[in-house]
A.B. asks: 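Input: one structure, supplied below.
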Amino acid sequence: MRKFKTESKKLLDLMINSIYTNREIFLRELVSNASDAIDKLHFKSLTDSSLHVDQDALAIRLAYDKDARTLTVSDNGIGMTPDEVEKNLGTIAHSGSEEFKEANAEAQGDAVDIIGRFGVGFYSAFMVAKQVTVVTRSIDAAETVRWTSDGIEGYEITTIAPGEEGFRAENGTDVILELKDNTDEASYDEFLSEWGLTDLVKRYSNYVRYPIQMMVTKSRPKPKPEDAGDDYTPEYESYEELETLNSMTPIWKKKASEVSQDEYNEFYHATFHDYTDPARTFSLHAEGALEYDALLFVPGKAPFDLYSRDYEKGLELYSSNVLIMEKCADLLPDYYNFVRGVVDSADVHLNISRETLQQTRQLQAMAKRIEKKITSELEHMRDDDREAYETFFENFGRGLKYGIYQSYGMKKDELAGLLLFWSAREQKMVTLEEYAAQMPEGQKAVYFACGDDRDRLFKMPVVTAVLAKGYDVLLCTQDVDEFCFQAMRDFAYTPAAEAAEGDAEATEPETKRLELKNVASGDLDLASEDEKKAAEDAAKANEGLFSAMKDALGDGVVTKVTVSSRLTTATDAPACVTAEGPVSLEMEKILNAGPMPEDVKSQRVLELNAQHPVFSKLQAANEENDQDKLKLYTELLYDQALLMEGVAVADPVAFAQNICKLMA
């Protein structure tokens with residue numbers, strides 16, 4: 001027995017047991033080696049006019065024997081000479097494919113697409129086999145070579161001359177695996193079944209350029225006997241047929257003009273197991289220093305687990321048409337985690353097992369280009385098919401908002417244009433750009449209100465007061481909305497050019513930054529000078545009343561009671577609750593409703609409408625020094641203002657009792 005040509009037996013053990021994490025990829029590696037062997041023969045036929053190769057006959061064959069527990073992977077490629085067997089199989093981590101690729105780098109062009117690179121893929125066979133036999137004959141040799149090893153100490157090489165038993169009549173290679181026995185911990189029977197092998201080929205090697213064939217069992221009806229009566233029951237017989245298991249031609253490498261949407265949809269359904277058609281399909285073909293093809297899909301419906309911790313984002317990564325990773329997360333940012341698709345590149349840097357993508361500039365460049373392509377396609381969808389985009393945003397808009405929040409606003413310029421919100425004035429979904437385009441002259445902020453119900457938000461005093469001033473309000477009903485706006489702080493808006501057509505001296509309009517303001521905050525500054533003065537005068541004249549009301553509510557309930565400059569007519573609500581500081585009432589509610597309540601409190605302000613009849617009742621109670629009545633009125637006003645804001649009152653029983661006292 002010959003020893004493996006390495007410094008230590010530990011390296012072989014590492015090749016077999018430590019490099020790969022998934023034992024089923026052994027078939028991917030052996031099929032890739034077979035494909036490389038056929039590629040080498042194809043290339044040799046292009047450079048050697050004396051060599052005639054039937055291109056249609058080039059193929060990879062799979063065969064299994066359940067009784068003998070053997071699996072055979074065969075090819076009719078270039079084969080190996082005795083010296084090549086010794087060099088390629090006797091020396092661990094020596095890649096004959098990589099050596100061939102380097103030697104023919106200038107001449108091969110697109111004619112050959114060598115997959116193997118590290119020279120360790122072959123040894124993955126020992127994860128499932130207790131013995132591996134390689135029978136090979138080179139196109140340049142008359143004899144056949146048999147290589148046998150148990151993957152422990154070494155190997156044996158035998159040369160078989162023409163006419164001797166075991167001689168291979170044609171060039172090519174057979175890799176025969178004697179599978180391990182089943183144990184309580186592991187079963188290897190799936191690699192000895194028609195279904196199991198077909199599944200592995202379709203999953204990992206479906207787009208290898210040569211046909212992968214196997215004899216499969218099929219069923220057909222027997223001929224109907226001539227004397228059979230009307231009650232004849234058809235009988236069936238089994239037969240075997242050589243079937244090609246892989247589709248060979250990757251759909252993502254075809255031009256978009258050559259593929260129908262139905263074909264794209266069929267590929268999407270089969271690959272990603274989604275019964276709904278994709279909302280958007282687009283491809284990307286990059287050439288130059290980094291070459292890759294990408295086929296991407298925006299799903300028509302959000303998966304049920306999209307916002308759960310168990311959801312895994314990522315694109316399928318192929319290298320030279322061979323599946324490397326089912327979900328490469330590094331190719332997608334979190335806010336585009338819903339995108340599904342395929343990326344195929346021979347240039348990406350893989351680790352030695354080809355199961356992990358290494359962090360390189362190539363990876364970053366690919367991810368950046370893919371992100372830009374997704375953004376561009378969503379923008380086209382928004383502008384060209386608004387109805388479809390609104391459906392998309394209903395499914396996936398939360399993730400875009402969360403992307404802005406998670407990046408602390410750093411991604412706002414890239415994502416803000418994709419956001420949609422309900423316009424209280426327009427009564428439809430609008431973008432921030434569309435909101436800004438409809439603003440009256442002099443408006444310097446985008447106004448929004450947050451809550452859990454759009455109809456209730458529309459009726460809130462803080463919203464109706466802003467609408468009455470002629471300004472639109474965005475009604476936001478998702479829990480991430482206000483966090484998104486706080487991270488954004490402002491929105492970059494470029495007004496449409498007003499210069500006359502043909503004016504060569506017209507300058508580009510200046511980009512403005514519009515502040516994002518919650519209508520429930522205390523610093524809207526929408527009141528006119530007269531309204532501000534009236535509020536200040538009323539506040540001064542009623543300092544004692546406000547102090548008494550603050551005391552009536554109790555310590556720490558509100559930071560102050562004051563006259564509202566937003567509620568200015570007798571028809572407005574008698575009071576409203578606003579918040580000072582960074583935490584709004586809606587944020588307080590969301591944060592305290594989480595799985596780990598944080599006991600967050602906003603700085604609440606009770607604003608009173610000095611024009612409302614209720615205000616005079618409060619003044620009268622205070623002037624009469626009727627503290628019980630003043631406390632009753634104050635608590636009722638405060639609680640009903642909270643209810644209009646969608647915030648639960650602290651003590652519902654006390655609220656009900658106060659109503660009864662008022663009615664008694």
A.B. asks: May I ask you to test the S124-I25 pair for a side-chain heavy-atom distance under 4.5 Å?
C.D. replies: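 Yes; the side chains approach each other to less than 4.5 Å.
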A.B. asks: Under a 4.0 Å N-O cut-off, is there an ion pair linking E178 with R69?
C.D. replies: no
A.B. asks: Using modelled atom types only, decide if a donor and an acceptor are shared between the side chain of D75 and the backbone of G172 within a distance under 3.5 Å.
C.D. replies: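 Between the backbone of G172 and the side chain of D75 there is no qualifying donor-acceptor contact (under 3.5 Å).
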A.B. asks: Keeping the roles fixed (side chain from S345, backbone from E291), state whether a donor-acceptor pair exists under 3.5 Å.
C.D. replies: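 Side chain of S345 to backbone of E291, a donor-acceptor pair under 3.5 Å: yes, one is there.
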A.B. asks: Quick one: does N246's side chain have a donor or acceptor within less than 3.5 Å of a partner on V201's backbone?
C.D. replies: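 Checked: no pair found.
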A.B. asks: Hey, does the side chain of S407 reach the backbone of G403 with a donor-acceptor pair shorter than 3.5 angstrom?
C.D. replies: yes
A.B. asks: Taking the side chain as every heavy atom from C-beta outward, state whether T72 and V175 have any pair of such atoms under 4.5 Å apart.
C.D. replies: no
A.B. asks: One thing to verify: whether E377 and R280 come together as a salt bridge, which I'm taking to mean a side-chain N less than 4.0 angstrom from a carboxylate O.
C.D. replies: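 So R280 pairs with E377 through a salt bridge.
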A.B. asks: Is any side-chain heavy atom of D189 closer than 4.5 Å to one of N182?
C.D. replies: yes
A.B. asks: For R220 and E237, run salt bridge (charged side-chain N to carboxylate O under 4.0 Å, His left out): C-alpha distance rounded to whole Å, both residues' side-chain angles, the deciding distance at 0.1 Å, then the answer.
C.D. replies: CA-CA 6 Å; R220 62 189 173 195; E237 63 180 0; 3.1 Å; yes
A.B. asks: Report the C-alpha separation of E312 and K327 in whole Å, then their side-chain angles, then the decisive distance to 0.1 Å, and conclude whether the salt bridge (charged side-chain N to carboxylate O under 4.0 Å, His left out) test is met.
C.D. replies: CA-CA 8 Å; E312 293 182 54; K327 289 189 177 180; 5.4 Å; no
A.B. asks: What class does the angle between the rings of F267 and Y207 fall in, given that below 30° is parallel, 30 to 60° is tilted and above 60° is perpendicular?
C.D. replies: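 The rings of F267 and Y207 sit tilted, inter-plane angle from 30° to 60°.
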A.B. asks: So, are D199 and R203 salt-bridged, with charged N and O less than 4.0 Å apart?
C.D. replies: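 Here D199 pairs with R203 in a salt bridge, since their nearest N and O are under 4.0 Å apart.
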A.B. asks: Could you tell me whether the side chain of Y232 reaches within less than 4.5 Å of the side chain of P225, counting heavy atoms only?
C.D. replies: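 In contact.
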A.B. asks: So does M127 get a backbone contact from the side chain of K180, meaning a donor-acceptor N/O pair under 3.5 Å?
C.D. replies: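 It does hold such a pair.
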A.B. asks: Kindly compute the distance separating CG (N206) from CD1 (I251), expressed to the nearest 0.5 Å.
C.D. replies: 11.5 Å
A.B. asks: Given side chains that start at C-beta, do those of Y336 and L415 come closer than 4.5 Å, heavy atoms only?
C.D. replies: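 Sidechains of L415 and Y336: in contact.
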A.B. asks: Would you give the length of the straight line joining atom CG of L418 to atom CD1 of I374, rounded to the nearest 0.5 angstrom?
C.D. replies: 11.0 Å
A.B. asks: If you measure from CZ on R61 to CG on N76, what distance do you get to the nearest 0.5 Å?
C.D. replies: 8.0 Å
A.B. asks: Under a 4.5 Å cut-off applied to non-hydrogen side-chain atoms, are V134 and V85 in contact?
C.D. replies: no
A.B. asks: Checking D384 against Y389: is there a side-chain donor and acceptor pair closer than 3.5 Å?
C.D. replies: no
A.B. asks: Using modelled atom types only, decide if a donor and an acceptor are shared between the side chain of R369 and the backbone of K373 within a distance under 3.5 Å.
C.D. replies: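 Side chain of R369 to backbone of K373, a donor-acceptor pair under 3.5 Å: no, none is there.
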A.B. asks: Looking only at the aromatic ring of each residue, does the gap between the centers of Y402 and Y307 stay below 6.0 angstrom?
C.D. replies: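 No.
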A.B. asks: Rounded at 0.5 Å granularity, tell me how far CD1 in I78 sits from OG in S138.
C.D. replies: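 The OG atom of S138 is 6.0 Å from CD1 of I78, to the nearest 0.5 Å.
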A.B. asks: So, R23 and E190, do they make that salt bridge, N to O below 4.0 Å?
C.D. replies: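 The answer is yes: the pair qualifies as a salt bridge.
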A.B. asks: Does a salt bridge link E371 with K411, judged by any charged N lying under 4.0 Å from a carboxylate O?
C.D. replies: yes
A.B. asks: Test your reading of the model: is there a side-chain donor-acceptor pair from S193 to the backbone of G196, 3.5 Å cut-off?
C.D. replies: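 Yes, because the side chain of S193 sits within donor-acceptor range (under 3.5 Å) of the backbone of G196.
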A.B. asks: Apply side-chain contact (heavy atoms from CB on, under 4.5 Å) to V135 and T144, showing your working.
C.D. replies: CA-CA 7 Å; V135 178; T144 295; 3.6 Å; yes
A.B. asks: Is it true that a side-chain atom of R168 and a backbone atom of N171 form a donor plus acceptor pair closer than 3.5 Å?
C.D. replies: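 Side chain of R168 to backbone of N171, a donor-acceptor pair under 3.5 Å: yes, one is there.
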A.B. asks: Does a side-chain heavy-atom distance below 4.5 Å link V145 with M80?
C.D. replies: no
A.B. asks: Going from NZ on K254 to OG on S283, what distance comes out if it is rounded to the nearest 0.5 angstrom?
C.D. replies: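 Spacing of NZ (K254) from OG (S283) equals 13.0 Å.
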A.B. asks: Taking only residues two or more places apart in sequence or in another chain, which ones pass ring-ring contact (aromatic ring centres under 6.0 Å, His included) with Y204?
C.D. replies: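 Residues passing ring-ring contact (aromatic ring centres under 6.0 Å, His included) with Y204: none at all.
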A.B. asks: Do V53 and H42 pass the side-chain contact (heavy atoms from CB on, under 4.5 Å) test, and can you show the C-alpha distance, the side-chain angles, and the key distance before you say yes or no?
C.D. replies: CA-CA 7 Å; V53 175; H42 171 61; over 6 Å; no
A.B. asks: Which of parallel (below 30°), tilted (30 to 60°) and perpendicular (above 60°) describes Y155 and W147?
C.D. replies: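 Parallel: the ring planes of Y155 and W147 meet at under 30°.
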A.B. asks: How many angstroms lie between CG in L295 and NZ in K253, if you round to the nearest 0.5 Å?
C.D. replies: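 If we round to the nearest 0.5 Å, L295:CG and K253:NZ are 13.0 Å apart.
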A.B. asks: Can you tell me if T47 uses its side chain to pair, donor with acceptor, with the backbone of K44 under 3.5 Å?
C.D. replies: yes
A.B. asks: Does N321 offer a backbone N or O that forms a donor-acceptor pair with the side chain of D344 under 3.5 Å?
C.D. replies: yes
A.B. asks: Given K301 and D274, is the salt bridge (charged side-chain N to carboxylate O under 4.0 Å, His left out) satisfied, shown in steps?
C.D. replies: CA-CA 9 Å; K301 187 177 181 181; D274 187 351; over 6 Å; no
A.B. asks: Who passes ring-ring contact (aromatic ring centres under 6.0 Å, His included) against F396, sequence neighbours left out?
C.D. replies: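 Listed in chain order: F338, F392.
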A.B. asks: Walk me through it: do L200 and V31 pass the test side-chain contact (heavy atoms from CB on, under 4.5 Å)?
C.D. replies: CA-CA 11 Å; L200 290 182; V31 167; over 6 Å; no
A.B. asks: Any luck finding a side-chain donor-acceptor pair between H269 and D277 under 3.5 Å?
C.D. replies: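 Yes, side-chain donor-acceptor contact under 3.5 Å.
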A.B. asks: Start with the C-alpha distance between N33 and E29, add both sets of side-chain angles, then the distance that settles side chain to side chain donor-acceptor pair (under 3.5 Å), and finish with yes or no.
C.D. replies: CA-CA 6 Å; N33 289 346; E29 298 297 315; over 6 Å; no
A.B. asks: Decide side-chain contact (heavy atoms from CB on, under 4.5 Å) for Q55 and S45; before the verdict, give the C-alpha distance in whole Å, the side-chain angles of both, and the deciding distance to 0.1 Å.
C.D. replies: CA-CA 10 Å; Q55 300 294 332; S45 70; 3.6 Å; yes
